[in-house]
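Heads up, the thing below is written out as structure tokens.
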Amino acid sequence: MLLNSAMEMRTSVSLPWREEPRDPYRVWLSEVMLQQTRVAAMLPRYLAFVERFPTLESLAAAPLDEVLALFSGLGYYARARHLHAAAQAAVARGGLPRSSAELSKLPGFGPYTAAAVASLAFGEQVALVDGNVARVLARLLRIPGTAAEVRAQAWEVAPSLLPAGRAGEFNEALMELGATVCKPRAPSCEECPLGPHCQTRDGGDADAFPPPKTAPERPVIVWAAAAVTREDGSVLLRRHPQGELFAGTWGLPFCDAGGGIPRRSARQALEACGIRAPALRSRGEVRQTLTHRELRVALFSGTGHARERDDLRFIAPGKLGSVGLSSLLRKCLRACGIEG
DNA sequence: AAGCCGGGGTA
DNA sequence: TACCCAGGCTT
């Protein structure tokens, strides 16, 4: 009965990766893009991605740069690197593994994604818990404890709720319910198909499950960055190395400027690129809030030339779509009057 | 177990 | 504007 109630949620939206018969590659791609990202934000990128890389094999054969380009602005770029690496590993072994256990061995497949692909695309009878499922179960069953404890409990309980032979449908229905009705805040309990079964609905305290997390403090990071344009209008970009924020994507040459003089720091950043003491015009400050820090970038612009390297390229504004860019870079370029 | 990774939606 | 959200990897 729980199943039937929850199932009412299904098929309320038609999304391209849900077309039957399901293509495991596309189901996987959608799950990766949906990590920490809403459907509305990722849908256009998903469509562009499958158009460029319609198959697992085409993705495996692609240069990483192009994969990152298609992830531009989505954030968490490790997802793109893992996706690419996993595609190559999968092709090398003859295709995508069909079980959750085997999928887990590939980069980028954690417990959730492995179970999602296995149940949704391959029909494996395996439960999954994402933020939505954890919240739905916490309210339905009045699971006490912190968000982390609720999450662990949900993984314990979920397998026992699985209807025989219909794990995929059930998983999808629970996630759909969490996304549309059993929302983090202000849940629409009146519309909930699970209403009679829910242990928090009558109390009206569904909101309290799971309890809100305490806000983490967010240290401020200050960068000084410079947009240097060449005579032909192209702008100097530097690839963020592994271990740096925005790793793998391209950004303006920057230097940490915490406590220092921003203009001097910007000059320093350019010297590291082989540009000596150019005239720099101040372009104000761009801010970007990340999960664990607030980023403030003091911006400068100027003209100049530099020798290109593997991690240093002049890119024409019209060609910006062909490399991986962060949203931060877009903001910075806009502030400098450079439009992609 | 805790910290690290972007970005956009919502109040 | 301020707050909220969340999977996988690394340490």
Side-chain angles (χ1 to χ4, degrees), chain A residues 28-46 68 70-86 100 103-118 120 127-138 145-152 154-155 158 171 175 178-180 182-188 207-221 223 240-251 286-297 324-332 334:
Chain A
W28 169 36
L29 175 64
S30 74
E31 289 300 337
V32 170
M33 283 190 166
L34 283 168
Q35 289 167 9
Q36 284 74 43
T37 309
R38 286 169 172 78
V39 171
M42 63 74 85
L43 189 52
R45 334 305 294 284
Y46 170 87
L68 281 164
L70 289 163
F71 263 72
S72 289
L74 281 179
Y76 289 106
Y77 300 102
R79 293 184 297 173
R81 300 195 302 270
H82 293 147
L83 181 77
H84 186 238
S100 171
L103 286 165
S104 297
K105 297 176 182 172
L106 297 175
F109 280 88
Y112 167 76
T113 307
V117 173
L120 300 179
L128 61 76
V129 173
D130 71 346
N132 289 313
V133 173
R135 186 172 57 254
V136 170
L137 296 186
T146 66
E149 289 165 341
V150 164
R151 183 71 70 119
W155 276 106
N171 289 338
M175 292 191 282
T180 58
C182 199
K183 297 170 290 185
R185 282 174 294 179
S188 311
D207 254 330
F209 293 83
K213 298 170 191 134
T214 55
E217 102 282 6
R218 230 192 296 265
V220 174
I221 293 182
W223 286 354
H240 295 281
Q242 286 300 325
E244 197 168 279
L245 284 170
F246 308 99
T249 70
W250 294 80
V286 162
R287 294 186 180 204
Q288 170 105 345
T289 303
L290 310 181
T291 306
H292 284 90
R293 50 203 52 184
E294 182 181 327
L295 199 47
R296 298 182 187 168
V297 183
L325 323 171
S326 61
S327 288
L328 174 66
L329 174 61
R330 290 185 204 282
K331 282 190 209 171
C332 291
R334 255 199 313 276

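Order of the sequence lines sets the chain letters (A, B, ...), proteins ahead of strands, with each chain counted from 1.
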Please report the shortest heavy-atom distance between A/Phe109 and A/Ala86, naming the atom on each side.
CE1-CB, 4.3 Å
5'-most contact on DNA chain C (nearest-nucleotide basis), A/Gln35 vs A/Arg185, goes to A/Arg185
C/dA6 versus B/dA2 - spacing of their C1' atoms, nearest Å
15 Å
Whole angstrom value for the distance that separates C1' of C/dG8 from CZ of A/Phe71:
13 Å
Looking only at atom C1', what distance separates C/dG8 and B/dG9, rounded to whole Å?
22 Å
Toward the 5' end of DNA chain B, by each residue's nearest nucleotide, A/Arg79 or A/Arg38:
A/Arg79
Counting any heavy atom closer than 4.0 Å, what does A/Tyr76 reach on the DNA or RNA strands: base, sugar-phosphate only, or nothing?
base
What closest approach, in Å, do A/Ser327 and A/Gln288 show between heavy atoms, and which atom pair accounts for it?
CB-NE2, 4.4 Å
Base, sugar-phosphate, or nothing for A/Leu34, non-hydrogen atoms under 4.0 angstrom?
nothing
What is the separation between atom CG on A/Leu128 and atom P on C/dG8, rounded to the nearest whole Å?
10 Å
Measure across A/Asp207 and A/Ala186 and return the closest heavy-atom pair with its distance rounded to 0.1 Å.
OD1-N, 3.5 Å
5' priority, DNA chain B, between A/Ala41 and A/Ala186 [closest heavy atom]
A/Ala41
Taking only side-chain nitrogens and oxygens of A/Tyr77, does any of them come within less than 4.0 Å of OP1 or OP2 of B/dG7?
yes
Does the side chain of A/Thr37 pick up a donor-acceptor pair with the side chain of A/Arg79 at under 3.5 Å?
yes
What is the distance, rounded to the nearest whole Å, between atom NZ of A/Lys183 and atom P of C/dA6?
14 Å
So, OP1 or OP2 of C/dG7: does either fall under 4.0 Å of a side-chain N or O from A/Arg151?
yes
Of all heavy-atom pairs between A/Leu103 and A/Ala114, which one has the smallest distance, and what is that distance?
CD1-O, 3.6 Å
A/Tyr112 and A/Gln35: side-chain donor and acceptor closer than 3.5 Å?
no
In whole angstrom, give the distance that lies between atom CG of A/Leu245 and atom C1' of B/dG6.
9 Å
Using the C1' atom as the reference point in each nucleotide, state the distance between B/dC4 and C/dC5 in Å, no decimals.
16 Å
Nearest-Å distance for atom pair CZ/P, residues A/Arg81 and C/dG7
19 Å
Given C/dG8, is OP1 or OP2 found less than 4.0 Å from the side-chain N or O atoms of A/Thr113?
yes
Does C/dA6 have OP1 or OP2 sitting under 4.0 Å from an N or O in the side chain of A/Arg135?
yes
Value in whole Å for how far the C1' atom of B/dG6 lies from NE2 of A/His82:
15 Å
Expressed as a whole number of angstroms, how long is the span from A/Glu294:CD to B/dC5:C1'?
17 Å
Base, sugar-phosphate, or nothing: which does A/Arg330 touch, judged by heavy atoms less than 4.0 Å apart?
nothing
A/Ser327 has its side chain closest, among B/dG8, C/dC5, C/dG7, to B/dG8
Write down the distance separating the P atoms in C/dT11 and B/dG6, rounded off to the nearest Å.
15 Å
Could you tell me the separation between the CD atom of A/Gln36 and the C1' atom of C/dC5, rounded to a whole number of Å?
9 Å
Below 4.0 Å: OP1/OP2 of B/dG6 and any side-chain N or O of A/Gln288
no
